[in-house]
Amino acid sequence: MPELPEVETVRRGLAPHIEGKRIAYVDLRRPDLRFPFPEGFVEALTGARIEKMDRRAKYLMTYLTGLTGDSWVWITHLGMTGRFTRSDLGSDDALADNSIADVSFTPGRFHNQLEVAKHDHVIIGLDDGSRLVYADPRRFGFMHLVQADALSQYPAFVNMGPEPLSSDLTLEDLLSRLSARASPIKQALLDQNIIAGLGNIYVCEALFRANISPKRLAKNVGKQRLARLIPAIQTVLSEAIAAGGSSISDFKSSDGALGYFQHNFDVYERADEPCSRQECAGIVKRLVQGGRSTFYCGTCQK
DNA sequence: AGGGGGACCTGTGCGC
DNA sequence: TGCGCACAGGTCCCCC
């Protein structure tokens, strides 16, 4: 599911409701997601105070102060189909006035019924009576636990590329990272060690906006095109965040806060449709690169 | 070291 | 209605 904008949307939806709260209980419905839950996971979270929920690339980082005063970071990756849903278990009035904050990207469910759905794998109860439910049908997501002072040694972060919406992303740096790459630019941009947080949708969309062919070799993109690509990446991500992310999939229910950026896709999942540039007579095409679909206009992307 | 291919899972949609 | 296949927002691991 989630690329940077969707993960950021989840973070923004949850943070104000959970920061400062204490975790009352942790209910693991199975021993693993993609990986087994870490040793001591439940013990570390139970009773801990949630200080802050942050994001790096597609990772959610929840800073905790444990019962014994130690500082932990609870790391969550949503994989392809992971989602967090928050619900207040308070009064019926609270339900009636629609105060449930559902930040899922699939049909929302009312967890006040204390029902556990098939793919609800982790249930976190907070001291204000609310609950966080982590559901993940494919279980490509995972949770880890690291000591706060060891966060930079977390394997995925060691060689991770710059945050695209920060000043860490610079033309010179990206140029040098790409100059050694023989692979097509599409595949290079999916590498989290080149730029962090992009996924299949936003790489396709950014390349379209920058008029760059996904087939062009990374090392041949050059400074001129990169000077267009960086702002293209930043604007598409910013617009997607402002839209609450992209909710792709078939929705049968309108419960929950669905993103709507999918309505603004220029190329993604638009194969055989006309290029969205008025002046371009091209047709959007699909090809497979590195086993994943790429959508692009072969007429205006060079 | 970089790159290709497969693995990990479940669900959905489509053609027959 | 059922079956088989392709495909899905991501990473990780093995092998060359």
Side-chain angles (χ1 to χ4, degrees), chain A residues 1-11 29-36 55-60 75-84 103-107 117-121 134-144 154-161 164 176-206 215 217-219 233 236-237 240-241 243-253 258-265 267-272 286-295:
Chain A
M1 159 175 53
E3 301 180 36
L4 188 155
E6 291 73 37
V7 178
E8 178 63 15
T9 298
V10 170
R11 189 196 68 76
R29 314 293 303 177
R30 50 176 300 127
D32 55 10
L33 294 170
R34 177 170 181 182
F35 309 116
R55 179 190 58 74
R56 170 80 165 107
K58 303 171 193 173
Y59 292 77
L60 289 169
I75 294 175
T76 302
H77 194 293
L78 304 176
M80 292 275 263
T81 52
R83 53 190 176 270
F84 265 116
V103 294
S104 80
F105 285 84
T106 54
K118 185 175 179 187
H119 298 297
D120 291 350
H121 306 310
Y134 178 80
D136 188 353
R138 291 177 75 179
R139 302 200 307 277
F140 286 170
F142 50 88
M143 293 183 185
H144 281 141
Y154 182 68
F157 294 162
V158 172
N159 293 312
M160 186 172 271
S176 86
R177 283 171 188 266
L178 292 175
S179 64
R181 290 299 183 117
S183 57
I185 184 67
K186 159 74 189 317
Q187 285 167 259
L189 293 177
L190 287 175
D191 185 338
Q192 302 296 294
N193 293 335
I194 300 234
I195 296 190
L198 296 181
N200 209 32
I201 293 176
Y202 298 105
V203 166
C204 291
E205 294 296 317
K215 294 188 276 193
L217 298 189
K219 62 184 180 182
I233 288 168
V236 77
L237 294 178
I241 291 170
S246 300
S247 300
I248 63 174
S249 172
D250 52 320
F251 294 105
K252 287 161 185 143
S253 158
L258 302 182
Y260 54 88
F261 193 72
Q262 64 278 12
H263 303 304
N264 297 335
F265 290 165
V267 288
Y268 191 78
E269 285 194 334
R270 290 198 56 223
D272 303 325
R286 172 185 180 272
L287 82 150
V288 175
Q289 295 177 288
R292 311 197 60 193
S293 292
T294 299
F295 298 89

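Throughout, a chain's letter reflects where its sequence line sits, starting with A, and its residues are numbered from 1.
- Mapping A:F35 and A:Y202 onto DNA chain C by nearest heavy atom places A:Y202 at the nucleotide closer to the 5' end.
- Between A:S293 and C:dA8, a side-chain N or O to OP1/OP2 separation shorter than 4.0 Å is present.
- Inter-residue side-chain proximity for A:I185 and A:V203 is flagged as unmet; no heavy-atom pair is nearer than 4.5 Å.
- For the pair A:Q289 CD and C:dG10 P, the interatomic distance rounds to 15 Å; values are reported in whole Å.
- The nearest whole Å value for the distance from the CG atom in A:D32 to the P atom in C:dC12 is 16 Å.
- Looking at A:F157, A:F35, A:Y59 one by one, the single match for ring-ring contact (aromatic ring centres under 6.0 Å, His included) with A:H144 turns out to be A:F35.
- When heavy atoms are screened at a 4.0 angstrom cut-off, A:R34 is found touching base atoms of the nucleic acid.
- Here A:Y134 and A:H121 keep their ring centres 6.0 angstrom or further from each other.
- Of the side-chain N and O atoms in A:R292, none sit less than 4.0 angstrom from OP1 or OP2 of C:dC7.
- The CZ atom of A:R83 sits 14 Å away from the P atom of B:dT10 (whole-angstrom rounding).
- Within the 4.0 angstrom heavy-atom criterion, no nucleotide atom of any strand lies near A:A156.
- Of the side-chain N and O atoms in A:H119, none sit less than 4.0 angstrom from OP1 or OP2 of B:dC9.
- For the side-chain contact (heavy atoms from CB on, under 4.5 Å) with A:D191, the lone residue among A:L189, A:I195, A:I194 that qualifies is A:I194.
- Applying ring-ring contact (aromatic ring centres under 6.0 Å, His included) to A:H77 and the options A:F140, A:F84, A:F142 leaves one that passes, A:F142.
- Base pairing analysis places C:dT11 opposite B:dA7; the two distances defining the Watson-Crick or G-U wobble pair are each below 3.5 Å.
- A donor N or O paired with an acceptor N or O is found under 3.5 Å between the base of B:dC9 and the side-chain atoms of A:R138.
- To the nearest angstrom, P of C:dA8 lies 18 Å from CG of A:D136.
- OP1 or OP2 of C:dT11 lies within a sub-4.0 Å distance of a side-chain N or O belonging to A:H77.
- Among the heavy atoms of the strands, none lies under 4.0 Å from A:K219.
- A sub-4.0 Å separation between OP1 or OP2 of C:dC7 and a side-chain N or O of A:R286 is present.
- OP1 or OP2 of B:dG11 has at least one side-chain nitrogen or oxygen of A:K118 nearer than 4.0 Å.
- The phosphate of B:dT10 (OP1 or OP2) has a side-chain N or O of A:R139 nearer than 4.0 angstrom.
- Using a 4.0 Å cut-off, some side-chain N or O of A:Q192 falls inside it from OP1 or OP2 of C:dT11.
- Straight-line distance from the CZ atom of A:R56 to the C1' atom of C:dT11: 16 Å, rounded to whole Å.
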